[in-house]
Structures are given as structure tokens and as C-alpha cells.
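Keep in mind it's a predicted model, so treat the numbers as computed, not measured.
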Amino acid sequence: MRQIVPKVVVVGAGMGGLASAIRLARAGCEVTLVEARDAPGGRMRALPSVAGPVDAGPTVLTLRSVFDDIFESCGQKLDHHLTLLPQPLLARHWWLDGSTLDLTTDLEANVEAVAAFAGAPEGERFRRFHELSARLYDAFDRPMMRAAKPDTRAIARAALKEPRIWPALLPGMTLDRLLRLCFRDPRLRQLFGRYATYVGGTPYASPGVLALIWAAEAQGVWAVEGGMHRLALALARLAEDQGVTIRYNAPVARILRQKGRASGVQLADGHSLHADHVVFNGDPAALLAGLLGDGPKDAVPEDRIHPRSLSAWVWSYAARAEGQPLVHHNVFFADDPRREFGPIAAGQMPEDATLYICAEDRAGGQVPDGPERFEIIMNGPPGRPARPEDFAQCRSRTFDRLRQFGLTFDPVPGETNLTPPTGFAKLFPGSQGSIYGLSPHGALASLKRPLARTALPGLWLAGGGAHPGAGVPMAALSGRHAAEAIVTDLASRSR
């Protein structure tokens with residue numbers, strides 16, 4: 001008897017879509033991956049510059065074991081496909097009063113650096129914060145981030161074994177409140193409070209458990225030689241090596257539904273691809289909004305999608321930089337965080353913004369001779385309509401502000417180098433410009449993200465809008481969860 005090979009269509013070649021496609025092909029499925037744009041990566045995109053393709057999306061690779069695992073599942077080594085550059089210096093932090101703080105992967109070096117920066121007592125407080133962050137990470141890693149569904153019982157058991165993490169889990173304990181318990185120096189509270197923005201929130205409304213992000217970074221940060229978009233290209237090649245058919249410039253108009261389950265997709269050119277399962281690696285809000293047709297409109301509850309996380313204004317360009325010794329990752333802090341997050345909460349551009357700068361070509365520790373590639377991120381609200389004055393205002397609040405720090409660029413980038421919130425809204429349908437999906441605000445927000453399995457049989461989710469959430473490794477893990485759920489479903493249906 002001839003064995004029937006399951007057909008799967010994956011919509012979107014972001015991290016979640018690529019990870020699910022690779023694993024499904026390895027499991028024996030016939031996989032077609034359709035991507036609206038002409039290259040893989042999703043939010044991990046790049047724009048042209050005189051110095052080469054410059055990243056316009058994620059800049060940080062953490063938890064590299066997630067990606068080692070993808071390549072090893074195919075009998076290959078990540079290092080044979082990419083050159084990853086470990087960053088012993090995680091970031092250089094700057095304040096307008098002239099103070100700076102470098103943080104590394106070395107705990108004792110960090111304690112000494114914080115003590116020199118803010119006094120010996122703060123150095124010891126940092127040590128205790130590091131230990132708290134590591135315990136939170138251990139408690140949440142397997143039952144939350146690496147589990148297909150949050151295992152609240154396992155988290156509770158871990159918390160019972162580690163009473164020292166209880167303060168971070170108290171109802172109403174925001175990240176800002178927790179950091180006020182941990183540090184006296186407002187600059188340190190500001191530094192670690194910015195981790196809320198990594199998942200699209202503010203420190204004043206995001207839960208204290210997000211302090212675990214420090215532990216994830218402290219395990220190591222890597223740069224990809226040539227830019228982060230090279231990771232997407234390597235995964236796409238790996239997928240094709242496993243037999244995945246990738247079709248670029250193939251936007252999906254509708255997810256088809258037949259006999260109460262997803263049955264394939266219809267492309268914008270009218271061509272239909274029929275499948276036993278469909279993996280949607282896009283913003284789940286697009287389903288609810290009917291942007292993929294009426295079939296999947298009820299696949300995900302609204303409270304798993306709204307309210308939305310933050311957006312950003314992102315500059316991607318090449319220029320010569322002068323005035324400050326930049327490293328690969330740099331953070332120039334606002335004078336008053338309230339003047340940053342207050343306007344954002346009101347739907348406005350921040351009055352006093354914290355600016356993140358990735359000096360892409362300094363990942364190897366060298367300063368290029370000539371124009372080099374930069375990405376600058378300024379947080380902003382989602383759903384903000386475009387205004388005529390936005391570009392000039394954003395340019396001033398970025399480059400005039402950096403000039404106050406003594407940092408200048410030649411040339412200063414133009415409007416084509418800026419992706420505003422409205423630009424992200426166009427790039428990622430249904431997102432309203434939100435980069436991270438569901439807002440992390442509220443104690444239970446991390447438990448509300450939609451899982452891989454939707455209410456429409458045969459339709460599955462992957463990507464940063466699904467569990468376990470935003471970030472490059474998290475999106476890749478979501479792809480693994482989707483693939484494993486489909487394989488389990490196929491096995492149960494074949495019995």
C-alpha cells in the first residue's frame with residue numbers, strides 16, 4: 001500500500017516559518033514555504049547601503065543553542081554555514097552626564113565595573129540582581145520558553161523550591177518596582193528597565209519576571225558575520241537541502257477552509273496550493289482582521305492578540321562616525337525615562353528617547369576605515385498614523401540628541417533610511433506597526449500568547465506573535481512547537 005505523504009504549506013519565511021519547515025521536512029512531510037517578499041527573514045531584514053546590506057531588524061543573537069539544535073537535527077553544524085562572533089562586551093551604556101558602563105559575560109568583571117560606576121554597595125546589589133535573574137531564568141526556561149504550552153504547575157514547583165524569586169512574582173510587581181528594590185542608583189534601574197522594550201513593553205507596566213532577560217544575555221551574545229540577515233539565508237538554504245520548496249514573491253491572499261479545517265492557501269496571483277496543514281508565520285492579528293479571508297477569522301481569540309506591543313522608528317544606513325568609541329551594541333539613555341515612555345503611552349513620539357545603536361561592522365572588534373553600517377532604534381507606539389512632521393522630528397530627536405553626547409555621523413541619513421511605525425504596519429499586515437505582537441503588560445501576559453494549535457483544525461501558528469513570544473530564539477522555538485504539534489496530530493490521525 002502506497003504511503004500518503006502529508007502536505008504542509010508554511011506561510012512566511014521568518015524564523016518561525018523556517019524552523020517549522022525544516023523540522024516538518026525532516027519528519028517526512030512535503031513542505032512548500034511561500035514568502036511575500038523576495039528574500040527570507042521576515043523581521044530579520046536588510047536594506048542596501050554603500051557599505052553593503054545593513055540590518056533593519058534584530059541585531060542580537062542570544063541562546064544560540066536553539067539554532068545549533070536546528071542544524072544538528074539535520075546532521076549538520078551551524079558553524080559550517082555561518083560565522084558567529086561571540087561578543088565578550090555585551091553593550092556599552094552612555095548617559096549625558098558623561099558616565100558610561102560596559103557589561104560583559106564575566107560576572108566578577110561586571111561587579112567591579114558597577115562598583116566603579118556607582119559605588120561598592122551597588123556592585124554587591126548587582127551581584128544579587130544577577131543571582132535573582134539567573135534563578136528566574138532557570139525557573140521559567142523549560143516550563144515556559146521551551147514548552148509547547150506554559151506549564152504553570154512546573155513554574156509553581158520551581159518557585160516553591162526557590163523562595164528568593166518570590167518578590168519578582170508578586171501581584172502588581174512591575175519591572176520598575178522590582179528594580180527599585182534591587183538598586184539605589186537610578187541609572188542602573190534605567191539600564192535594566194529597558195529590557196522590557198525587548199518584548200515591546202515599558203518597565204512601568206511589564207511584570208518583574210522580565211528581569212530574567214539579563215540572565216539570557218549574560219549567557220552570551222553573538223553577532224553574525226555579514227549581518228543578522230545571513231542567519232535567515234542560512235536557514236533557508238538548510239530548508240531547501242531538506243527538500244522544502246521555497247516560493248518567494250508569493251503573497252497569500254486567503255487561507256482556504258474546507259469541511260471545517262484549513263485546506264491550503266490561495267496566492268495573490270489566484271493560484272491555490274492545497275495542503276493537509278497550514279503553518280501561519282505572520283502576525284496572528286492578520287487572521288482576526290480578515291486579511292487572510294473569512295476562513296481563519298475565528299482561529300485565535302482577540303484577547304490573545306490585543307492590546308499591542310510597542311513599535312519603533314528604525315534607522316538603517318552607512319556613514320562615518322566620529323566622537324565616541326562605539327562598540328557593537330551601544331545604548332544612549334534618555335535623561336528622564338518618564339519623558340520617553342509617557343508620550344509613547346499617549347501614542348506620541350518620545351520627547352526624550354533612549355537610543356540603541358548597533359555598529360554592525362564593529363562586531364569583530366575593529367573600527368572600519370570608511371563608511372560603516374549602523375542601525376538605530378527609537379521606541380514608539382503602535383497604530384500611530386503618519387504625520388508630515390514625523391521624519392524631521394525623528395531625525396532631530398535622534399541625531400541632534402546624539403550630537404549632545406558628542407557623536408556625529410557623516411552623512412546624516414535621509415528619509416529612505418528610516419522605517420517608522422507606519423512602515424512596519426505595511427510590511428507586516430495586521431500588526432498596526434507592533435513589532436512584538438501581544439503587549440507584555442500585566443502579570444499574566446506571557447500566558448496569554450496564542451499557542452501553535454488554533455481553533456481551526458489544520459491551521460497552526462509560528463513566529464514572534466505566538467508562544468513563547470518575541471525575540472529571535474523565541475520565534476524559532478515557536479516553529480519547533482508548531483512542527484512537533486503537527487507531527488503529533490498526524491500520528492494520532494493515522495492510528
Side-chain angles (χ1 to χ4, degrees), residues 10-26 31-87 221-251 279 281-282 314 316-318 328 358 360-361 363-364 372-375 419 427-428 435 462-464 471-480 483:
V10 178
V11 180
M15 288 297 100
L18 289 165
S20 64
I22 291 167
R23 293 186 182 278
L24 287 166
R26 291 293 294 177
V31 182
T32 300
L33 193 162
V34 292
E35 166 57 47
R37 292 190 283 279
D38 60 2
R43 286 180 169 82
M44 190 179 286
R45 61 196 185 97
L47 297 176
S49 81
V50 296
V54 55
D55 284 331
T59 63
V60 174
L61 180 62
T62 56
L63 306 181
R64 73 162 280 176
S65 62
V66 172
F67 297 94
D68 285 321
D69 183 58
I70 293 174
F71 283 88
E72 289 170 5
S73 72
C74 300
Q76 301 191 40
K77 294 289 186 181
L78 184 154
D79 290 330
H80 294 166
H81 297 260
L82 287 170
T83 299
L84 296 188
L85 305 172
Q87 300 296 294
V221 169
W222 287 263
V224 179
E225 188 174 73
M228 284 288 287
H229 59 280
R230 293 280 185 90
L231 174 60
L233 293 172
L235 288 171
R237 288 192 295 268
L238 181 65
E240 290 177 319
D241 289 344
Q242 308 312 307
V244 176
T245 299
I246 303 181
R247 297 179 59 172
Y248 296 111
N249 299 307
V279 178
N281 177 209
V314 177
S316 303
Y317 63 98
H328 189 235
C358 176
E360 187 174 325
D361 295 309
E372 54 182 306
R373 294 171 291 180
F374 294 99
E375 180 177 351
T419 305
L427 286 167
F428 307 108
I435 298 175
V472 177
M474 299 298 104
L477 285 172
S478 77
R480 175 175 184 162

Problem set entry | Pairs flagged by salt bridge (Lys or Arg N to Asp or Glu O under 4.0 Å) wherever residues 34-49 is involved - sequence neighbours left out | none

For this session: Looking only at non-hydrogen atoms, find the nearest pair between Ala25 and Val31 and report the distance.
Result: N-CG2, 3.7 Å

Problem set entry | Euclidean distance, Thr245 OG1 relative to Leu33 CG, rounded to 0.5 Å | 9.5 Å

Problem set entry | Contact list for residues 32-65, test ring pair (Phe, Tyr, Trp, His ring centres under 6.0 Å), sequence neighbours left out | none

Exercise. Would you say Cys74 and Leu238 make side-chain contact, with heavy atoms under 4.5 Å?
Worked result: yes

Exercise. Hey, is the main chain of Ala462 close enough, under 3.5 Å, to the side chain of Asn281 for a donor-acceptor pair?
Worked result: yes

Exercise. Can you check whether Gly463's main-chain N or O pairs, donor with acceptor, with Ser478's side chain at less than 3.5 Å?
Worked result: yes

Exercise. Are any side-chain N or O atoms of Glu360 and backbone N or O atoms of Cys358, one a donor and one an acceptor, separated by less than 3.5 Å?
Worked result: no

For this session: First locate atom CG of Leu84, then atom CZ of Arg230, and finally report the distance between them rounded to the nearest 0.5 Å.
Result: 12.0 Å

For this session: Indicate the atoms forming the closest heavy-atom contact of Val472 with Pro58, along with that distance.
Result: CG2-CB, 3.5 Å

Exercise. Closest heavy-atom contact between Tyr248 and Ala39?
Worked result: CE2-C, 3.7 Å

Exercise. If we only count heavy atoms from C-beta on, is the Leu235 to Phe71 side-chain gap below 4.5 Å?
Worked result: yes

Exercise. So do Val10 and Val34 actually touch side chain to side chain, heavy atoms under 4.5 Å?
Worked result: no

Problem set entry | Separation between CD of Glu372 and CG of Asp361, rounded to the nearest 0.5 Å | 6.0 Å

For this session: Measure the shortest side-chain to side-chain distance between Met228 and Glu375 over non-hydrogen atoms and say whether it is less than 4.5 angstrom.
Result: no

Exercise. Minimum heavy-atom separation for Arg373 to Gly226, with atom names?
Worked result: NH1-O, 3.7 Å

Problem set entry | Test item: Ser316 and Phe374 side chains (from C-beta on) under 4.5 Å apart, heavy atoms | no

Exercise. Does Phe67 reach the side chain of Leu82, with side-chain heavy atoms less than 4.5 Å apart?
Worked result: no

For this session: Could you tell me whether the side chain of Val244 reaches within less than 4.5 Å of the side chain of Thr32, counting heavy atoms only?
Result: no

Exercise. Looking at CG of Leu18 and CZ of Arg237, how far apart are the two atoms once the value is rounded to the nearest 0.5 Å?
Worked result: 11.5 Å

Exercise. Any donor-acceptor pair under 3.5 Å linking the side chain of Arg26 with the backbone of Ser73?
Worked result: yes

Problem set entry | Working for side-chain contact (heavy atoms from CB on, under 4.5 Å), residues Glu72 and Leu78 | CA-CA 8 Å; Glu72 289 170 5; Leu78 184 154; over 6 Å; no

Problem set entry | For the student: nearest non-hydrogen atoms of Ala19 and Ala476, plus distance | CB-O, 3.5 Å

For this session: State, yes or no, whether a side-chain contact exists between Val224 and Thr83 at a heavy-atom distance under 4.5 Å.
Result: no

Problem set entry | For Ala236 against Ile246, the heavy-atom pair lying closest together | O-CD1, 3.7 Å

Exercise. What's the spacing between Met44 CE and Thr59 OG1 if we round to 0.5 Å?
Worked result: 10.0 Å

Seminar exercise, completed: Here the gap from His328 atom NE2 to Leu85 atom CG, rounded to the nearest 0.5 Å, amounts to 8.0 Å

For this session: Determine yes or no for a side-chain-to-main-chain donor-acceptor pair under 3.5 angstrom, with Arg480 supplying the side chain and Ser20 the backbone.
Result: no

Problem set entry | Sequence neighbours excluded, every pair satisfying salt bridge (Lys or Arg N to Asp or Glu O under 4.0 Å) that has a member inside residues 52-67 | Arg64-Asp68, Arg64-Asp79

